[in-house]
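Since the structure is predicted, the reported quantities are computational estimates derived from the model, not experimental observations.
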Amino acid sequence: MAKQLRVQVWNPAGKHRVVSTKPMPGTRWIGLLTAAGCRVELFPVQVCTENKTILSVEDIRSLIGTQCDGVIGQLTEDWGEELFAALRKAGGHAFSNMAVGYNNVDVDAATRNGISVGNTPGVLTETTAELAAALTLAAARRVVEADDFMRAGKYEGWIPTLFVGNLLKGQTVGVVGAGRIGAAYARMMIEGFKMNLIYYDLYQSTRLENYVTAYGEFLKSRREVPVTWKRATTVEEVLGEADVVSLHPVLDKTTYHLINKERLALMKKEAILVNASRGPVIDEAALVEHLKENPMFRVGLDVFEDEPHMKPGLEKLPNAVVVPHIASASKWTREGMATLAALNVAAKIKGYPVWHDSNNVEPFLDENSTPPLACPSIVNSKALGLRIGGKPESKL
Ligand SMILES: NC(=O)C1=CN([C@@H]2O[C@H](COP(=O)(O)OP(=O)(O)OC[C@H]3O[C@@H](n4cnc5c(N)ncnc54)[C@H](O)[C@@H]3O)[C@@H](O)[C@H]2O)C=CC1
Ligand SMILES: O=C(O)C(=O)CO
């Protein structure tokens with residue numbers, strides 16, 4: 001039996017019961033749900049005192065209870081048949097992850113149970129790309145190693161060989177998964193550091209290619225060396241040619257352990273590998289061995305295969321920069337994610353259609369105007385036969 005969980009409640013008299021499995025930043029999301037007539041319940045995680053950061057399936061079943069219209073869940077939770085069946089039985093038909101990635105959700109199980117699955121695209125794009133850029137710089141210029149050295153009182157004066165790293169300008173940046181975040185990261189590295197691009201994706205990114213071409217023309221007009229781009233036909237091509245490789249694909253069967261022992265061996269000895277997508281995209285045990293054998297190879301990791309744990313040995317390696325899945329952690333983005341997740345649930349409960357363009361959710365994020373009457377992004381809208389539409393001006 002799951003122990004009784006303490007919950008906080010807003011708008012207790014609300015007609016529709018919505019549960020959020022974790023507290024989310026800001027208050028706009030609560031206001032939007034209560035304005036839509038929802039009673040909002042959330043499980044307040046006290047990370048240090050209760051050590052209850054990740055809810056089990058059993059915990060979540062107990063939060064859903066016998067009557068629940070919708071749930072806002074988190075990427076740390078396993079949303080499969082058991083939970084969706086429990087939600088359906090409780091009368092619910094709306095779920096949203098507070099994340100753009102939804103590899104923790106069995107979308108087919110949700111569809112079988114008639115439950116919509118929302119996610120939060122777009123609002124994380126630049127924030128996540130910026131953290132990937134930060135990890136790239138930290139790894140290239142050995143920022144964390146040097147910081148540790150200073151704090152340990154080891155600095156005795158400038159020497160020419162101290163913490164020598166990699167220059168990015170003129171080198172090649174490789175992007176695997178050139179979707180929203182991958183393309184934003186590519187633009188940052190190209191414009192910021194004048195790197196050349198090689199990318200691999202299942203689809204061509206004409207927009208990104210045109211952007212790099214135009215920037216190259218601009219540089220030429222200023223008599224500077226132009227940047228270039230190339231679309232690789234295999235991931236191996238990217239790994240062999242790039243000086244920096246950043247991973248931004250979705251996690252699915254095709255990307256699980258995309259970077260493994262054999263593919264790491266194709267990379268340059270002094271290359272930099274960054275992962276701000278999902279941990280299992282890299283075979284982390286193979287990566288630890290590769291880092292041990294190649295001390296000039298460096299990584300920047302935001303995500304881990306067995307999150308929140310690291311594979312043994314990673315914590316001891318100076319050529320790894322590691323941060324705890326914070327790529328989307330800017331105030332604007334996290335509050336925006338909460339808003340989109342809340343609207344995915346509230347608008348579904350109200351029977352509104354699904355927004356026509358999940359790549360442009362900005363109209364939902366403007367705090368000074370009322371959001372469109374639509375669910376911002378529902379990944380199984382087609383399978384459920386949901387209506388597409390949305391009127392920007394009307395109140396929820
Ligand atoms: N570390 C963090 O805090 C964050 C991590 N993410 C992760 O980043 C992922 C990407 O997010 P977005 O860019 O918004 O999604 P997106 O859907 O715009 O881009 C994903 C790209 O991956 C490509 N792709 C799919 N399978 C591939 C394969 N086998 N090989 C190469 N490319 C492949 C797709 O074609 C697409 O272009 C999310 O699914 C999520 O897992 C997203 C936000 C924050
Ligand atoms: O949105 C996602 O997929 C995340 O990983 C949140 O940071």
Problem - Other residues, nucleotides, ligands: >12 heavy atoms within 6.0 Å of E362 CD - result: no
Handout entry: Closest contact, heavy atoms only, A94 versus S116
Key = CA-OG, 3.6 Å
Practice task
Decide whether F163 and Y155 are clustered together by the hydrophobic rule: side chain heavy atoms of Ile, Leu, Val, Met, Phe, Trp, Tyr closer than 4.5 Å, transitively.
Solution key: yes
Exercise for the section: Check the hydrophobic clustering (I, L, V, M, F, W, Y; side-chain heavy atoms under 4.5 Å; chains of links allowed) and say if V323 and I272 are grouped together. Expected result: yes
Handout entry: Side-chain (W355) to main-chain (N360) donor-acceptor, under 3.5 angstrom
Key = yes
Practice task
First locate atom CG of L239, then atom OH of Y200, and finally report the distance between them rounded to the nearest 0.5 Å.
Solution key: 11.0 Å
Completion exercise
Here the gap from R187 atom CZ to Y211 atom OH, rounded to the nearest 0.5 Å, amounts to 6.0 Å
Practice task
Specify the closest pair of heavy atoms between A85 and N113, including all atoms of both residues, with the distance to one decimal.
Solution key: CA-OD1, 3.5 Å
Handout entry: Test item: side-chain donor near acceptor, K348 and S96, under 3.5 Å
Key = no
Exercise for the section: Mind telling me whether H248 and Y185 have parallel, tilted or perpendicular rings, with 30° and 60° as the class edges? Expected result: tilted
Handout entry: ILVMFWY network linking V361 to W29, side-chain heavy atoms under 4.5 angstrom
Key = yes
Problem - Note, I30 side chain near N11 side chain (heavy atom, < 4.5 Å) - result: no
Problem - hydrophobic_cluster_shared for V245 and L258, side chain cutoff 4.5 Å - result: yes
Handout entry: Flag side-chain contact, heavy atom, 4.5 Å: V299 against L317
Key = no
Practice task
Indicate yes or no for a side-chain donor-acceptor contact from E284 to the backbone of K311 under 3.5 Å, with no hydrogens or angles considered.
Solution key: yes
Exercise for the section: Please round to the nearest 0.5 Å and tell me the distance separating atom CD1 of I64 and atom CG of D59. Expected result: 11.0 Å
Practice task
Evaluate the ring planes of F95 and F84, with Trp represented by its six-membered ring, and classify them as parallel (under 30°), tilted (30 to 60°) or perpendicular (over 60°).
Solution key: perpendicular
Practice task
Please step through side-chain hydrogen bond (donor to acceptor under 3.5 Å, both in side chains) for the pair T76 and K22, ending with a clear verdict.
Solution key: CA-CA 10 Å; T76 49; K22 278 185 187 172; 3.2 Å; yes
Exercise for the section: Could you check K169, K268, K269 and say which one makes a salt bridge (charged side-chain N to carboxylate O under 4.0 Å, His left out) with D243? Expected result: K268
Exercise for the section: Please report the C-alpha distance between L287 and F297 in whole Å, then the side-chain angles of each, then the deciding distance to 0.1 Å, and finally whether the side chain to side chain contact (heavy atoms under 4.5 Å, CB included) criterion is met. Expected result: CA-CA 10 Å; L287 178 65; F297 184 93; 4.2 Å; yes
Problem - Under 3.5 Å: donor-acceptor pair, side chain of D148, backbone of A152 - result: no
Problem - Gap separating the CG atom of L168 from the CD1 atom of I190, nearest 0.5 angstrom - result: 12.5 Å
Handout entry: Pairwise side-chain contact, L273 with L264, heavy-atom cut-off 4.5 Å (strictly under)
Key = yes
Handout entry: Residue K292 excluded, over 12 heavy atoms near NZ under 6.0 Å
Key = yes
Exercise for the section: Would you check if the side chain of N119 reaches a backbone N or O of V100 as a donor-acceptor pair within less than 3.5 Å? Expected result: yes
Practice task
Compare every heavy atom of L343 with every heavy atom of P371, then report the nearest pair and how far apart it is.
Solution key: CB-CD1, 3.9 Å
Exercise for the section: Considering only NZ, NE, NH1 and NH2 on the basic side and carboxylate oxygens on the acidic side, decide whether E82 and R61 come within less than 4.0 Å. Expected result: yes
Practice task
Taking T333 for its side chain and V123 for its backbone only, find out whether a donor-acceptor pair lies under 3.5 Å.
Solution key: yes
Handout entry: Backbone N/O of D252 and side chain of T255: donor-acceptor pair under 3.5 Å
Key = yes
Problem - Sub-4.5 Å side-chain heavy-atom contact between R28 and E335 - result: no
Exercise for the section: Please name the pair of heavy atoms, one in I378 and one in G118, separated by the smallest distance, quoted to 0.1 Å. Expected result: CD1-CA, 3.9 Å
Exercise for the section: Side-chain contact test, heavy atoms from C-beta onward, threshold under 4.5 Å: evaluate it for L63 versus V71 and give yes or no. Expected result: no
Problem - Any side-chain heavy-atom pair of D69 and C38 under 4.5 Å - result: no
Exercise for the section: Using a strict 4.0 Å threshold on nitrogen-to-oxygen distance, state whether E41 and R17 make a salt bridge. Expected result: yes
Fill in the blank from the handout: Between the OG1 atom in T125 and the CZ atom in R180, the distance rounded to the nearest 0.5 Å is 6.0 Å
Exercise for the section: Answer yes if W79 and Y102 sit in the same cluster of Ile, Leu, Val, Met, Phe, Trp and Tyr residues linked by side chain heavy atoms under 4.5 Å apart, and no otherwise. Expected result: yes
Problem - Which atom of S246 lies closest to which atom of A132, heavy atoms considered - result: OG-CB, 4.1 Å
Exercise for the section: Show your working on side chain to side chain contact (heavy atoms under 4.5 Å, CB included) between K261 and E289 and close with a plain yes or no. Expected result: CA-CA 9 Å; K261 182 177 170 10; E289 288 316 305; over 6 Å; no
Problem - Heavy-atom side-chain proximity of L83 to E77 below 4.5 angstrom - result: no
Exercise for the section: Report the distance from atom CG of N275 to atom CG of L247, rounding to the nearest 0.5 Å. Expected result: 4.5 Å
Exercise for the section: Please report the shortest heavy-atom distance between V303 and E307, naming the atom on each side. Expected result: CA-OE1, 3.4 Å
Practice task
Given side chain to side chain contact (heavy atoms under 4.5 Å, CB included), test L167 with F193 step by step and report yes or no.
Solution key: CA-CA 9 Å; L167 173 71; F193 304 100; over 6 Å; no
Problem - Check: D283 side chain, A286 main-chain N or O, donor-acceptor pair, under 3.5 Å - result: yes
Handout entry: Short N-O contact, D108 and R112, less than 4.0 angstrom
Key = no
Handout entry: Check: P12 main-chain N/O paired with R39 side-chain donor or acceptor under 3.5 Å
Key = yes
Practice task
Kindly say whether H290 contributes a backbone atom to a donor-acceptor pair with the side chain of N294 at under 3.5 angstrom?
Solution key: yes
Exercise for the section: Check whether any side-chain heavy atom of Y256 sits under 4.5 Å from a side-chain heavy atom of R278, and report yes or no. Expected result: no
Problem - Under 3.5 Å donor-acceptor, Y215 side chain and V227 backbone - result: no
Exercise for the section: Evaluate the side chain to side chain contact (heavy atoms under 4.5 Å, CB included) criterion for residues W229 and L208: first the C-alpha distance (whole Å), next the side-chain angles of each, then the deciding distance (0.1 Å), finally the verdict. Expected result: CA-CA 9 Å; W229 62 264; L208 178 60; over 6 Å; no
